[in-house]
Novice: 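Below you'll find the structure I mean.
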Amino acid sequence: MGKKILMKGNEAIGEAAVRAGCLNYFAYPITPQSEVAEYLSRRIPEAGGVFLQAESEVAVSYMIFGAAGAGARVFTTSSSPGISLMSEGLSYITAAQCPAVFVNIMRGGPGLGGILPSQGDYFQATKGGGHGDYRLLVMAPASVQEAVEMVMIAFPLAEKYRNPVMILGDGLIGQMMEPVEFPDHLRTDPTDKNDWATTGMEFRKSDKPNIVKSLFLDPNALNENNLILKAKYDRMKAEDIHYESYNMEADYKVLIVSYGTMSRVCRTAVDNLKVNGFEVGLLRPKTLFPFPEKKIRDAAAKDSCQVVISIELSMGQMVEDVERCVQGRRPVKWYGECGGNIPTPETVMDVVTSLVGK
Amino acid sequence: MGKIFKKPEALSDSPTHYCPGCTHGVIHRLIAEVIDELGIRGRTVGVSPVGCAVLAYNYFTFDFQEAAHGRAPAMATGIKRVRPDLIVFTYQGDGDLASIGMGEIIHAANRGEKFTTIFVNNAVYGMTGGQMAPTTMPNQHTSTSPFGRNVDDIGMPIKMAELLAALQTPGYIVRQTVIKPKYIVKAKKAIKQAFVYQLEKRCFSFVEIVSTCPTNWGMTPGEAVKWTEDVLLSYYQLGEYKNPEKVSGDKHAN
Ligand SMILES: Cc1ncc(C[n+]2csc(CCOP(=O)(O)OP(=O)(O)O)c2C)c(N)n1
Ligand code: SF4
Ligand SMILES: [Mg+2]
């Protein structure tokens, strides 16, 4: 373990990538995450890597594609409107099976929206934002420390699946200062990509050209590529679902599902209600895709549980996945705000208690 | 041409899907010859466009990446930045480069990215059936300008070589054609020079090639050559527009 230092989330995210062994970064400025680029504009050259401020987020996504296709570890950071522009590239990168890491420090939308924290890009991140049958492995940190660790494991995960990984943090994750450490054991070496990447034939001592592409004009070949992608998403569901349970051993009347910064507020509400003798369980998905489907289904089915509620900084996005998991066994409710204000623990307590009556 | 050529090593055995009289095949061959002559096949990465040349990688024998429409210069930037030891080129049509990909090419050129762009200007969107391109000539009939390109409505055709040469960053910017053997020699020389500048890590290099699309022009291959020479070449003048050895922005005699 390294030593603990106080850092702003955005800077910690940049440092985490460097510590993870990724020295290639392409980006375009956007609030509330421009500090990542500002930090890395000094840090990466000093470490001997590639820092480039691109002309647009569209270009960023293709610089990432090109670099990843050439076998390099590479990442970018942006915020909601920027991720919309990168979504075209994400579709191509995923189709061509290139590993890369995208960080979205979400701000309020739609449109220009606002610059305060939001979780309004849940659908975009987990259901695709670009075209076609593709998925990203999506991780949602609830603290700066967790953001650091997620960024560090994102690179080997992207390589494991040859698929982009997205870190989905709300604006607060980027803006707040917390003590962090960069675990040395999370530094990894890039995998060997010579069997598919455009690393140059003479460098890999091969006479077989590698082609990085997404066009499959033959219907069987395209179906085959989509089956390969699907098999990877199924494998993610089998091997990489992560979540945290809080107060779930109690006989809770209400089950909250919440992630990111919002889940921290819910946690305080759960503690306060417990003091009053009102038991609430909190299930926090750490991966939004793959989603903890079975865990939520089982948790909702607990005898004491009367109702499930998804609390999110959006107008009701994750709630659709929660409903899908609960499969009608319990009523599923939603509560959220998405202008940039974060509901207080008191608000959450009122919302939760009103669901079952006093 | 009455001369027997050996197939360059950088060119594969696959027959191309290009129409009779299309210049894409000739341009592929010139690129392959240059790559052979420079001995760089083992460290070259091509980036194919969205357009008739999307499958270009089937016709070459080295690494390739396939871009999204217009984004090849951004991909090439990504490749070249993380692997400066690779030789990288984009191969792009006029719809790809001068329309949807205008932002990417200008900024790559302006950053002085050390890769090469081969720009195939055939004055239409070939692959999608001959729609109007930013390079379509005034009054030229296309499937989306059935009454001829109306420049009052849509503006004048864009001269990419001149536009890029106006940037202040040093570069190698040249326009050639391959419709007749006498032009082919010069085109090959330009392509070779472009790759040499890249090998020397000198500058961004750009070779525009005025090309044919007999299929979508509704012409025979012979008519297409004549129309290119009479109409396109009078507007898209051949020559060197920028050279890293000389002062920026001046057009040099061809
Ligand atoms: C984002 C996107 N928009 C549109 C298309 C459709 N499309 C395919 S090729 C093409 C035009 C290509 O024309 P050009 O670049 O001139 O190449 P040519 O075929 O003439 O060589 C278009 C519009 C696409 N594939 N992707
Ligand atoms: S449509 Fe035009 S550009 Fe495309 S292969 Fe045929 S002649 Fe060439
Ligand atoms: Mg064209």
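Order of the sequence lines sets the chain letters (A, B, ...), proteins ahead of strands, with each chain counted from 1. No hydrogens, no waters, no symmetry mates; every other heavy atom, side chains included, goes into these values.
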Novice: Within the 4.5 Å heavy-atom criterion, are A:Ile211 and B:Glu66 side-chain neighbours or not?
Specialist: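 No, side chains not in contact.
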
Novice: What closest approach, in Å, do B:Thr61 and A:Pro209 show between heavy atoms, and which atom pair accounts for it?
Specialist: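 Closest approach of B:Thr61 to A:Pro209: C-CG, 3.6 Å.
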
Novice: Go through the atoms of A:Ala96 and report whether side chain, backbone, both or neither lie under 4.5 Å from a heavy atom of chain B.
Specialist: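 The answer is neither part of A:Ala96.
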
Novice: Could you tell me if the side chain of A:Val212 sits less than 4.5 Å from the side chain of B:Met75, heavy atoms only?
Specialist: no

Novice: Select one option (side chain, backbone, both, neither) describing which atoms of B:Arg41 are under 4.5 Å from chain A's heavy atoms.
Specialist: both

Novice: Could you tell me which portion of B:Arg83 (side chain, backbone, both or neither) has an atom closer than 4.5 angstrom to a non-hydrogen atom of chain A?
Specialist: side chain

Novice: Of the non-hydrogen atoms in A:Lys213 and B:Tyr57, which two are nearest, and what is the gap between them?
Specialist: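 In this case the closest contact between A:Lys213 and B:Tyr57 is CD-OH, 3.4 Å.
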
Novice: Is it true that atom NZ of A:Lys127 has more than 12 heavy atoms of other residues, nucleotides or ligands lying nearer than 6.0 Å?
Specialist: yes

Novice: A side-chain contact here means heavy atoms from C-beta on lying under 4.5 Å apart; do B:Glu104 and A:Tyr62 qualify?
Specialist: no

Novice: Any idea which heavy atoms bring A:Ala70 and B:Gln65 closest together, and the distance?
Specialist: N-NE2, 3.3 Å

Novice: Chain B heavy atoms under 4.5 Å from A:Ser61: which part of the residue, side chain, backbone, both or neither?
Specialist: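 Neither the backbone nor the side chain of A:Ser61 comes within 4.5 Å of chain B.
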
Novice: Taking CG in A:Asp195 as the centre, count heavy atoms belonging to other residues, nucleotides or ligands within less than 6.0 Å. Is the count above 12?
Specialist: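 Enclosed.
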
Novice: Which atom pair, heavy atoms only, marks the closest approach of B:Ala74 to A:Ala59?
Specialist: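 Closest pair (atom of B:Ala74, atom of A:Ala59, distance): CB-O, 3.6 Å.
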
Novice: I need the B:Phe62 CZ to A:Asp207 CG distance, nearest 0.5 Å.
Specialist: 13.0 Å

Novice: Measure the OG1-CD distance between B:Thr44 and A:Glu202 for me, rounded to the nearest 0.5 Å.
Specialist: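 Rounded to the nearest 0.5 Å, the OG1-CD separation comes to 8.5 Å.
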
Novice: Name the region of B:Ile106, side chain, backbone, both or neither, that has any atom closer than 4.5 Å to a heavy atom of chain A.
Specialist: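 Neither the backbone nor the side chain of B:Ile106 comes within 4.5 Å of chain A.
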
Novice: Taking side chain as C-beta onward, heavy atoms only, is A:Phe26 less than 4.5 Å from B:Arg81?
Specialist: yes

Novice: Pick one of side chain, backbone, both or neither for B:Glu9, based on which atoms fall under 4.5 Å of a heavy atom in chain A.
Specialist: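 Looking at B:Glu9, nothing touches chain A.
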
Novice: Name the member of A:Ala68, A:Ser206, A:Gly200 that forms the most heavy-atom pairs with chain B at distances under 4.5 Å.
Specialist: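 Heavy-atom pairs under 4.5 Å are most numerous for A:Gly200.
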
Novice: More than 12 foreign heavy atoms under 6.0 Å from CD1 of B:Ile100: is that the case here?
Specialist: yes

Novice: Would you give the length of the straight line joining atom NE2 of B:His17 to atom CG of A:Leu217, rounded to the nearest 0.5 angstrom?
Specialist: 9.0 Å

Novice: Tell me, side chain or backbone of A:Asn210 under 4.5 Å from chain B's heavy atoms, or both, or neither?
Specialist: both

Novice: Is it the case that more than 12 heavy atoms not belonging to B:Lys189 sit under 6.0 Å from its NZ atom?
Specialist: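 Not more than 12 within 6.0 Å, no.
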
Novice: Could you tell me which portion of A:Leu52 (side chain, backbone, both or neither) has an atom closer than 4.5 angstrom to a non-hydrogen atom of chain B?
Specialist: side chain

Novice: Looking at A:Phe51, I'd like to know if its CZ atom is crowded, meaning that more than 12 non-hydrogen atoms belonging to other residues, nucleotides or ligands lie closer than 6.0 Å.
Specialist: yes

Novice: Answer with side chain, backbone, both or neither: which region of B:Asp85 has an atom nearer than 4.5 Å to a non-hydrogen atom of chain A?
Specialist: both

Novice: Need one label for A:Tyr92: side chain, backbone, both or neither, based on atoms under 4.5 Å from any heavy atom in chain B.
Specialist: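 Side chain of A:Tyr92 only, per the 4.5 Å heavy-atom cut-off to chain B.
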
Novice: Mind checking whether A:Leu215 and B:Val54 have side chains closer than 4.5 Å, heavy atoms only?
Specialist: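 Answer yes - side chains close enough.
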
Novice: Distance check, rounded to the nearest 0.5 Å: A:Glu55 atom CD versus B:Thr77 atom OG1?
Specialist: 7.0 Å

